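Everything numeric here is computed off the predicted structure, so don't read it as measured data. We name chains A, B, ... by the order of the sequence lines, and we start the count at 1 in each one.
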Amino acid sequence: MLSKKQLRNDVDAVAKALQKRNFSFDIKALSALENSRKKNQVKTQELQNLRNTQSKSIGKAKAAGEDIKPLLASVADLGDELDAAKSELQSIQVQIDDIALSMPNIPHDSVPAGNSEDDNVEVSKWGEPGQYDFEVKDHVDLGEMHGLDFETAAKISGARFSVMTGKIARLHRALTQFMLDQHSEINGYTEAYVPYLVNSESLTGTGQLPKFEADLFKTHLHGEEGDAKTLYLIPTGEVPITNMMRDTLVNEKELPLKFVGHTPSFRSEAGAYGRDTRGLIRQHQFEKVELVQVVKAQDSYQTLEQLTGHAEGILQALELPYRKVNLCAGDLGFSAAKTYDLEVWLPGQSAYREISSCSCFEDFQARRLQLRYKNKETNKPELLHTLNGSGLAVGRTLVAVLENHQQADGSIKIPSVLQSYMGGLEFITQ
RNA sequence: GGAGGGAUGGCAGAGCGGCUGAAUGCACUGGUCUUGAAAACCAGCAAGGACUAAUAUCCUUCCAGGGUUCAAAUCCCUGUCCCUCCA
């Protein structure tokens with residue numbers, strides 16, 4: 001959420017900044033609401049003040065043994081008037097909140113202009129796409145040789161699910177373990193295990209709600225929809241991990257906070273009919289190792305580079321060619337101020353595909369989360385900045401390992417950093 | 001499944017209709033003392049909001065939502081979460 005103060009005092013600047021990401025809103029309507037909010041708030045507060053002072057004088061008069069009847073008569077109508085003013089003010093404030101909650105974050109200055117992923121800017125490249133003296137297979141053909149099974153998954157659940165058995169299941173697990181170890185032992189993150197079902201407050205905190213409910217799987221613990229017991233399957237580990245710190249005033253000495261967690265992610269893919277229907281690229285359920293950092297405002301962009309570097313470290317260790325892309329304003333996620341996508345080379349598609357998305361949210365999430373620390377100099381609480389990134393998406397990493405390290409006979413060479421996680425195995429063969 | 005107890009500032013914890021935005025301790029900030037530090041002592045220290053050039057002033061907030069009252073942290077109802085005991 002953007003700051004209400006900013007919306008109040010600088011609507012035009014906000015509107016202009018959001019134009020960069022093709023978001024527009026009714027400035028006039030907002031200003032009109034703002035004006036009536038002001039009027040009603042002042043009026044309500046005056047009435048409250050009146051009631052408070054009257055009540056106090058009644059208390060004093062009573063204590064002094066005076067007759068309070070005339071005083072009571074003078075406040076007789078105050079209650080109704082106050083109630084009316086309050087409910088009017090509340091309805092205005094709800095409307096303003098709805099607008100504020102639906103507005104995306106303002107892109108950072110270094111975010112390139114553009115409307116779609118075609119306008120994203122390549123920042124750097126690592127490694128060279130491999131040369132193969134045989135016809136390469138894609139991960140579906142390779143995977144089916146080694147235990148990747150979409151048909152069985154379809155029987156159990158439907159489209160966009162997968163089953164893995166045998167060595168490929170172990171490779172999938174090995175990737176997860178390796179990533180967790182690298183981030184916790186070398187990169188200094190604290191490992192976290194978190195719930196996979198979360199309440200709506202958590203999703204509001206990180207920005208998935210109220211706008212993107214259609215992307216989520218929703219459960220009703222018992223009873224019908226509308227029940228208080230609605231929980232959502234997490235669309236990313238970012239949600240529970242970041243929300244661990246919701247409503248906290250962090251001790252400055254503990255900063256930066258760094259957490260890594262392995263969770264499944266569940267996405268309805270409501271807007272992706274017909275896209276990536278083949279293989280593991282776009283699934284309703286996939287594993288991800290997520291990095292989250294909470295830092296002071298002045299450190300956040302430096303931290304974005306660092307965190308992206310941590311994700312890159314995994315790709316490099318796995319010997320997977322990739323490129324780093326600065327997302328253009330039009331392609332930026334709702335809550336992000338700046339995002340680097342890491343795109344891994346997939347020989348089966350002859351294309352770079354997203355495998356990690358590393359974002360700085362500035363104080364956009366922190367404001368919704370009420371995540372702050374006490375600034376020593378001002379002695380005032382200040383919003384922190386949140387960041388996260390996939391380090392990495394495990395399913396897509398598996399795809400990349402299969403495709404990049406395939407051999408002529410369809411066997412898979414296991415990157416050396418993974419071999420100890422695979423019981424010393426060097427190749428996966430049939 | 002049944003019976004109780006609880007949720008208060010960064011943390012711990014008192015308060016149980018008007019004198020309470022809230023005792024006390026810890027933490028934190030500043031100071032005295034000290035070569036320096038610790039200890040001790042002194043002082044300060046909740047958040048959010050309105051209005052304002054700023055100060056001043058005012059409003060809201062003691063788990064959440066309703067209710068009673070001129071007045072609610074305090075009384076009543078509902079919900080959530082925690083704890084204890086019984087089966």
Side-chain angles (χ1 to χ4, degrees), chain A residues 1-10 31 33-97 100-101 194-195 197-205 219-232 240 243-255 257 294 296 363 366-384:
Chain A
M1 190 160 55
L2 300 171
S3 124
K4 294 246 179 72
K5 231 172 217 159
Q6 196 179 5
L7 279 177
R8 227 169 261 162
N9 304 331
D10 229 356
S31 307
L33 275 172
E34 184 47 43
N35 283 335
S36 62
R37 186 228 97 225
K38 202 173 204 170
K39 233 170 46 200
N40 278 278
Q41 185 159 359
V42 170
K43 183 179 162 200
T44 305
Q45 293 189 354
E46 275 169 3
L47 287 170
Q48 282 171 324
N49 185 13
L50 188 62
R51 183 207 53 196
N52 290 346
T53 49
Q54 299 274 50
S55 291
K56 267 185 192 145
S57 60
I58 290 173
K60 277 189 191 133
K62 208 175 171 187
E66 291 167 20
D67 181 17
I68 59 169
K69 279 222 176 78
L71 285 169
L72 286 179
S74 75
V75 293
D77 297 330
L78 202 55
D80 290 342
E81 211 183 328
L82 182 57
D83 283 346
K86 261 197 208 158
S87 63
E88 166 107 39
L89 177 62
Q90 208 204 342
S91 95
I92 294 166
Q93 241 145 12
V94 165
Q95 291 177 61
I96 294 177
D97 284 349
L101 280 171
V194 291
L197 286 159
V198 296
N199 55 32
S200 63
E201 287 84 353
S202 294
L203 288 155
T204 305
T219 70
H220 306 291
L221 193 50
H222 31 60
E224 301 297 312
E225 178 156 13
D227 209 300
K229 277 284 190 181
T230 295
L231 293 173
Y232 297 84
N243 273 282
M244 291 197 299
M245 292 153 284
R246 189 173 79 214
D247 292 323
T248 54
L249 191 58
V250 181
N251 193 326
E252 188 170 357
K253 278 181 240 157
E254 290 165 31
L255 293 169
L257 299 172
V294 175
K296 290 191 221 171
D363 61 12
R367 185 169 295 109
R368 294 170 170 227
L369 293 162
Q370 282 304 296
L371 169 52
R372 301 166 300 169
Y373 81 106
K374 199 169 219 173
N375 184 322
K376 280 227 170 95
E377 275 146 43
T378 60
N379 214 25
K380 284 276 164 199
E382 273 177 30
L383 292 171
L384 287 158

Query - Side-chain N,O (Arg51(A)) to OP1/OP2 (A72(B)) below 4.0 Å - result: no

Report summary line: Atom CG of Asn9(A) and atom C1' of C51(B) are separated, to the nearest Å, by 13 Å

Query raised in the report: Would one find a side-chain N or O of Asn49(A) under 4.0 angstrom from OP1 or OP2 of C58(B)?
Result: no

Requested in this report: Ignoring hydrogens and angles, state whether a donor on the side chain of Arg368(A) or Thr204(A) is under 3.5 Å from an acceptor on the partner side chain.
Outcome: no

**Report entry** Distance, nearest 0.5 Å, that separates CG of Asn375(A) from NZ of Lys380(A)
**Finding:** 11.0 Å

Report summary line: Of Gly79(A) and Lys380(A), the one whose nearest nucleotide on RNA chain B sits closer to the 5' end is Lys380(A)

Report summary line: Atom CD1 of Ile92(A) and atom C1' of G49(B) are separated, to the nearest Å, by 16 Å

Requested in this report: Report the distance from atom OG1 of Thr53(A) to atom CD of Gln48(A), rounding to the nearest 0.5 Å.
Outcome: 11.5 Å

Query raised in the report: Should Val250(A) and Met245(A) count as side-chain neighbours, where that means a heavy-atom distance under 4.5 Å?
Result: no

Query raised in the report: Nearest-Å distance, CG (Leu249(A)) to P (A46(B))?
Result: 13 Å

Query raised in the report: Considering only the P atoms, how many Å lie between C59(B) and A3(B), rounded to the nearest integer?
Result: 44 Å

Query raised in the report: Using the C1' atom in both, what is the distance from U78(B) to U68(B), to the nearest Å?
Result: 15 Å

Query raised in the report: Is a side-chain N or O of Asn243(A) found less than 3.5 angstrom from the main chain of Ser202(A), in a donor-acceptor match?
Result: yes

Query - Interatomic distance, Gln45(A) CD vs U61(B) P [rounded to whole Å] - result: 12 Å

Query raised in the report: So what does Arg372(A) hit on the nucleic acid, given a heavy-atom distance under 4.0 Å: a base, only sugar-phosphate, or nothing?
Result: sugar-phosphate

Query - Gap in Å between the two C1' atoms, one belonging to U29(B) and one to A56(B), rounded - result: 25 Å

Requested in this report: Would you kindly give the CG-to-C1' distance between Leu371(A) and G48(B), to the nearest whole Å?
Outcome: 16 Å

Report task. Please report, rounded to the nearest Å, how far the P atom of C59(B) is from the CG atom of Leu82(A). Result -> 12 Å

Report summary line: Whichever of Val42(A) and Gln90(A) has the more 5' nearest nucleotide on RNA chain B, that residue is Val42(A)

Query - A43(B) and G48(B), which share atom name P, separated by this distance in whole Å - result: 27 Å

Query raised in the report: Do the side chains of Lys43(A) and Glu88(A) get nearer than 4.5 Å, heavy atoms only?
Result: no

Query raised in the report: How far does CE of Met1(A) sit from CG of Asp97(A), to the nearest 0.5 angstrom?
Result: 6.5 Å

Report summary line: Under a 4.0 Å heavy-atom criterion, the protein footprint on nucleotides 18-31 of chain B, written with B, S and -, is B---------SS--

Requested in this report: Determine the Euclidean distance between corresponding C1' atoms of U55(B) and C41(B); express it in Å to zero decimal places.
Outcome: 34 Å

Requested in this report: Anything below 3.5 Å on both distances counts as a pair; with that, list the stems of at least three consecutive Watson-Crick or G-U pairs involving RNA chain B.
Outcome: B:1-7 with B:80-86, B:10-12 with B:24-26, B:28-32 with B:40-44, B:46-50 with B:57-61, B:63-67 with B:75-79

**Report entry** Between A47(B) (P) and Arg367(A) (CZ): distance, integer Å
**Finding:** 17 Å

Query raised in the report: On a whole-Å scale, what distance lies between the P atoms belonging to C28(B) and U84(B)?
Result: 32 Å

Requested in this report: Using the P atom on both, measure C63(B) against G15(B) and round to a whole Å.
Outcome: 15 Å

Query raised in the report: Between Lys296(A) and Glu252(A), is the closest basic N to carboxylate O distance under 4.0 Å?
Result: yes

**Report entry** N/O donor-acceptor pair under 3.5 Å between Arg367(A) side chain and Lys4(A) backbone
**Finding:** no

Requested in this report: Enter the distance from Thr248(A):OG1 to Leu384(A):CG here, rounded to the nearest 0.5 Å.
Outcome: 8.0 Å

**Report entry** Between U69(B) (P) and Asp83(A) (CG): distance, integer Å
**Finding:** 12 Å

Query raised in the report: If we take the C1' atom in both C45(B) and C81(B), what is their distance in whole Å?
Result: 30 Å

Query raised in the report: What residues form a salt bridge (charged side-chain N to carboxylate O under 4.0 Å, His left out) with Asp83(A), not counting sequence neighbours?
Result: none

Report task. Classify the nucleic acid contact of Leu72(A) as base, sugar-phosphate or nothing, counting any heavy atom under 4.0 Å across all strands shown. Result -> base

